[in-house]
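So the structure is just underneath, and the comments pick up after that.
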Amino acid sequence: MPAENKTPALRLVLGGANSGKSRVAEQLIAATGRPRRYIATAQAWDDEMRAKIAQHRLQRGPDWTTVEAPLDLMEALAAAQPDEIVLLDCVTLWLSNLMMAERDIQTACAALCTALTQAPCPVIVVSNEVGQGITPDNAMARAFVKHQGRLNQDLAHLAQEVIFVTAGIAQTLKAAP
């Protein structure tokens, strides 16, 4: 049986900042042999972020269709083709974008979860685990941690496979059946 037929419909790759989670997700995608679609949520507000985005593009190489979707992930997911596999990187930046745009977080997160269950092809979602540090000292950061934690829990519930990455080492928290 080809690898693509065994690909879980939804996988979640969690980890801290610079833990190697994007690289692990890219390796999972490459192993399927499917055409690759990258849904990017980052916005280049400064030189450092522009450089980081450029480095990610270079690292991925030319074999990806890239879709910039800092806010509307639902439309970007719906546009994927059935033979593809999608890397959604990352919902943490998407959540930051929503908060900065003063969007309804609960409604947007619920819509994302629905869109992921209706995606026309397998999806790997990358997200930061933000709940392992100290409690932030300001209300906006505490709200962000609350929303990110809830979203990660919802995504982990929906996903057939959940992988946690620490120091570039992937650990399976929830295995696909």
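These numbers were taken from a predicted model, which means no experiment stands behind them. The basis for the numbers below is simple: all heavy atoms, side chains too, and nothing from hydrogens, waters or symmetry mates.
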Point to revise | Distance-only polar pair, side chains of Glu161 and Thr172, donor-acceptor under 3.5 Å | key: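 Glu161 vs Thr172: no donor-acceptor pair found between side chains.
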Looking only at atom types and distance, does a side-chain atom of [X] sit under 3.5 Å from a main-chain N or O of [Y], one as donor and one as acceptor?
X	Y	result
Arg34	Pro82	yes
Thr32	Leu28	no
Gln132	Val130	no

Of all heavy-atom pairs between [X] and [Y], which one has the smallest distance, and what is that distance?
X	Y	result
Asp137	Arg142	C-NH1, 3.2 Å
Pro120	Leu77	CD-O, 3.5 Å
Asn152	Leu12	O-CD2, 3.9 Å
Met49	Gln43	CG-O, 3.4 Å
Ala156	Lys174	O-NZ, 2.8 Å
Arg11	Pro8	NE-CD, 3.6 Å

Practice item. Mind running side-chain contact (heavy atoms from CB on, under 4.5 Å) on Arg60 and Thr66 for me, showing each step along the way? Key: CA-CA 10 Å; Arg60 280 194 310 273; Thr66 300; 3.5 Å; yes
Is it the case that one hydrophobic cluster holds both [X] and [Y], taking links as side-chain heavy atoms less than 4.5 Å apart, direct or via other members?
X	Y	answer
Leu155	Met99	yes
Val24	Trp64	yes
Trp94	Leu158	yes
Leu95	Trp45	no
Leu93	Phe144	no

**Study point:** Residue from Asp89, Thr166, Asn128 passing side chain to side chain donor-acceptor pair (under 3.5 Å) with Lys21
**Key:**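 Of all the options given, the one that passes is Asn128.
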Value rounded to 0.5 Å, distance of [atom1] in [X] from [atom2] in [Y]:
X	Y	atom1	atom2	value
Lys146	Thr135	NZ	OG1	14.0 Å
Leu14	Leu173	CG	CG	7.0 Å
Gln106	Arg150	CD	CZ	10.0 Å
Leu112	Ile105	CG	CD1	11.5 Å
Tyr38	Glu84	OH	CD	15.0 Å
His147	Cys109	NE2	SG	8.0 Å

Check your understanding: Considering the options Val123, Ile85, Val86, Ile29, which one meets the side chain to side chain contact (heavy atoms under 4.5 Å, CB included) requirement together with Arg37?
Key ->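 That would be Val86.
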Check your understanding: Checking side chain to side chain contact (heavy atoms under 4.5 Å, CB included) against Leu88, which of Ile124, Val67, Val126, Thr41 comes through?
Key -> Thr41
Look at atom [atom1] of [X] and say whether more than 12 heavy atoms of other residues, nucleotides or ligands are closer to it than 6.0 Å.
X	atom1	value
Asn138	CG	yes
Glu75	CD	no
Met100	CE	no
Glu102	CD	no

